[in-house]
Visitor: 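Questions regarding the structure given below will be posed in turn.
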Protein chains: 2
Amino acid sequence: MRGGMDREGDGEGKGGGDCCDMRGMLGFLILFLLSKKPMHGQELAGEIAIRKGEKKLSPGTIYPALKGLKELGFIVEERDGKTIVYSLTDKGEKALKLAKRKFIKTFFGIFPE
Amino acid sequence: MRGGMDREGDGEGKGGGDCCDMRGMLGFLILFLLSKKPMHGQELAGEIAIRKGEKKLSPGTIYPALKGLKELGFIVEERDGKTIVYSLTDKGEKALKLAKRKFIKTFFGIFPE
DNA sequence: TTATATATATCGGATACCCAATATCTATAT
DNA sequence: ATATAGATATTGGGTATCCGATATATATAA
């Protein structure tokens, strides 16, 4: 038995969460956020935590994801003191644009007018 | 110019598919589509194929997904001749509402104004 | 009845995502 | 130089998602 799933409010627990965990959208979300503002890893993890209403992603999640995007040539890194700032390459911009189009087409109509 | 469909697929990979495969969003997508119109399995698979611009989901994907949602009490089935029509329960509507809220919050700003 | 076509259901395996724990690196302070 | 704190990186493992193939069910046609 799963104790109620009705808890609301800020926590939202797994939030909306018995039907999907948004697994598989992390790379997309990172590209999107970096396209708005270059950030370093922990800053990114914090932003994602706020948006999803969850705890910060584990280092074992965020850094391999960044590494993957870097190996695809979608982002580049630049050291800035103690941190590494990631930003989109032209190729990354292009990939994001395509991914966005597919995303919007797939979920068309899901947003309130 | 700009005639026709977006060509996803050739060239640099899978077109937006290099950064995410939307794995984990299937249950959410099904709930959303069924909330707009009750459908049977193959109809649903066809609608999803059109939205994603891909081939129809394999039976091994769509039916287990529907079974899972049924076991969660989010959808019910009703036989209609040769097919089985799925529709949302009250619990499913509620879960969709929560999931939508999280989805919108997570991807806020991703849509062109 | 049998044959055919379509929808539904299940099984085995491959893939990819994500986390917890651990290790390495960098800059600053002492 | 060492110590400390924070950021970054890697490893190992659990789990859910998804596909291809196969099996079952239903309705229609002959």
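Model, not experiment: these values are computed from the prediction. Sequence lines set the chain letters: A, B, ... in the order given, protein chains first and strands last, and positions in each chain run from 1.
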Visitor: Does one hydrophobic cluster hold both A/Y86 and A/I50, with members joined at side-chain heavy-atom distances below 4.5 Å?
Guide: no

Visitor: List in chain and number order the residues that pass side chain to side chain contact (heavy atoms under 4.5 Å, CB included) with A/T61, two or more places apart in sequence or in another chain; answer none if no residue qualifies.
Guide: A/L26, A/L57, A/S58

Visitor: Between D/dT10 atom C1' and A/L57 atom CG, what is the distance in whole Å?
Guide: 17 Å

Visitor: Quickly work out the B/L69 CG to D/dC18 P distance and round it to whole Å.
Guide: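 After rounding, the gap between these two atoms is 11 Å.
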
Visitor: Expressed as a whole number of angstroms, how long is the span from A/K70:NZ to D/dT8:P?
Guide: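 One finds 12 Å between P of D/dT8 and NZ of A/K70, rounded.
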
Visitor: Tell me, do B/L96 and B/F28 make a side-chain contact under 4.5 Å, heavy atoms counted?
Guide: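 Counting from C-beta outward, B/L96 and B/F28 do come under 4.5 Å.
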
Visitor: D/dC18 P sits how many Å from B/K67 NZ, rounded?
Guide: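 Between P of D/dC18 and NZ of B/K67: 16 Å.
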
Visitor: Which part of the nucleic acid does A/T61 contact within heavy-atom distance under 4.0 Å: base, sugar-phosphate only, or nothing?
Guide: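 Base: the residue A/T61, judged by heavy atoms under 4.0 Å, touches a nucleobase.
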
Visitor: To the nearest Å, give me how far apart NE2 (A/H40) and C1' (D/dA9) are.
Guide: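 In whole Å, D/dA9 C1' lies 15 Å from A/H40 NE2.
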
Visitor: Between B/V85 and A/A65, which is nearer to the 5' end of DNA chain C once each is assigned its nearest nucleotide?
Guide: B/V85

Visitor: Check whether any side-chain heavy atom of A/V76 sits under 4.5 Å from a side-chain heavy atom of A/L88, and report yes or no.
Guide: no

Visitor: Looking only at side-chain atoms of A/P64, point me to the closest of D/dA9, D/dT10, C/dT10.
Guide: D/dT10

Visitor: Separation of A/K55 atom NZ from C/dC18 atom P, in whole Å?
Guide: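 Spelled out: NZ on A/K55 to P on C/dC18 is 15 Å.
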
Visitor: What is the distance from CE of B/M39 to P of C/dT8, rounded to the nearest Å?
Guide: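 Result: 12 Å.
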
Visitor: Could you check whether the side chain of A/T83 and the base of D/dA7 have a donor-acceptor pair of N or O atoms closer than 3.5 Å, going by distance alone?
Guide: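 Between D/dA7 and A/T83, which were checked side chain against base, a qualifying N/O pair under 3.5 Å is absent.
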
Visitor: Not counting sequence neighbours, which residues clear side chain to side chain contact (heavy atoms under 4.5 Å, CB included) with A/K70? List them please.
Guide: A/I75, A/E77

Visitor: Please tabulate, one pair per line, all N/O donor-acceptor pairs under 3.5 Å involving side-chain atoms of residues 31-46 of chain B, not counting sequence neighbours.
Guide:
{"from": "B/S35", "atom 1": "OG", "to": "B/F32", "atom 2": "O", "distance (Å)": "2.6"}
{"from": "B/K37", "atom 1": "NZ", "to": "B/E43", "atom 2": "OE2", "distance (Å)": "2.6"}
{"from": "B/H40", "atom 1": "ND1", "to": "B/E43", "atom 2": "OE1", "distance (Å)": "3.1"}
{"from": "B/Q42", "atom 1": "OE1", "to": "B/K56", "atom 2": "NZ", "distance (Å)": "3.0"}
{"from": "B/Q42", "atom 1": "NE2", "to": "B/Y63", "atom 2": "OH", "distance (Å)": "3.0"}
{"from": "B/E43", "atom 1": "OE1", "to": "B/H40", "atom 2": "N", "distance (Å)": "3.4"}

Visitor: A/K105 versus A/R101: any side-chain heavy-atom pair under 4.5 Å?
Guide: no

Visitor: Walk along nucleotides 25-30 of chain D from 5' to 3' and tag each nucleotide B, S or - by protein heavy-atom contact under 4.0 Å, base first, then sugar-phosphate.
Guide: -SS---

Visitor: Return the set of residues passing side chain to side chain contact (heavy atoms under 4.5 Å, CB included) with B/D80 (not counting sequence neighbours), or none when no residue passes.
Guide: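 Partners of B/D80 under the side chain to side chain contact (heavy atoms under 4.5 Å, CB included) test: B/T83, B/V85.
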
Visitor: Could you go through nucleotides 12-15 of chain C and list every protein N or O atom that sits under 3.5 Å from one of its N or O atoms, giving the distance for each pair?
Guide:
{"from": "C/dT15", "atom 1": "O2", "to": "B/R23", "atom 2": "NH1", "distance (Å)": "3.0"}

Visitor: Students often get this wrong, so: under 4.0 angstrom with heavy atoms, is B/I62 touching a base, only sugar-phosphate, or nothing?
Guide: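 Contact class for B/I62: none.
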
Visitor: Are more than 12 heavy atoms, taken from residues, nucleotides or ligands other than B/E93, located less than 6.0 Å from that residue's CD atom?
Guide: yes

Visitor: Taking the minimum atom-to-atom distance to the side chain of B/L26, which one of D/dA9, D/dC18, C/dA9 wins?
Guide: D/dC18

Visitor: Return the orientation label for the B/F103 and A/F103 ring planes: parallel under 30°, perpendicular over 60°, tilted otherwise.
Guide: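 Parallel: the ring planes of B/F103 and A/F103 meet at under 30°.
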
Visitor: Tell me what B/L66 touches on the nucleic acid: a base, only sugar-phosphate, or nothing, going by heavy atoms under 4.0 Å.
Guide: nothing

Visitor: Which nucleotide, D/dC19, C/dT8, D/dA9, lies nearest any side-chain atom of B/S58?
Guide: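 Taking heavy atoms from C-beta onward, the closest nucleotide is D/dC19.
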
Visitor: Rounded to whole angstroms, how far apart are CG on A/D80 and C1' on C/dT28?
Guide: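 The answer, rounded to whole Å, is 15 Å.
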
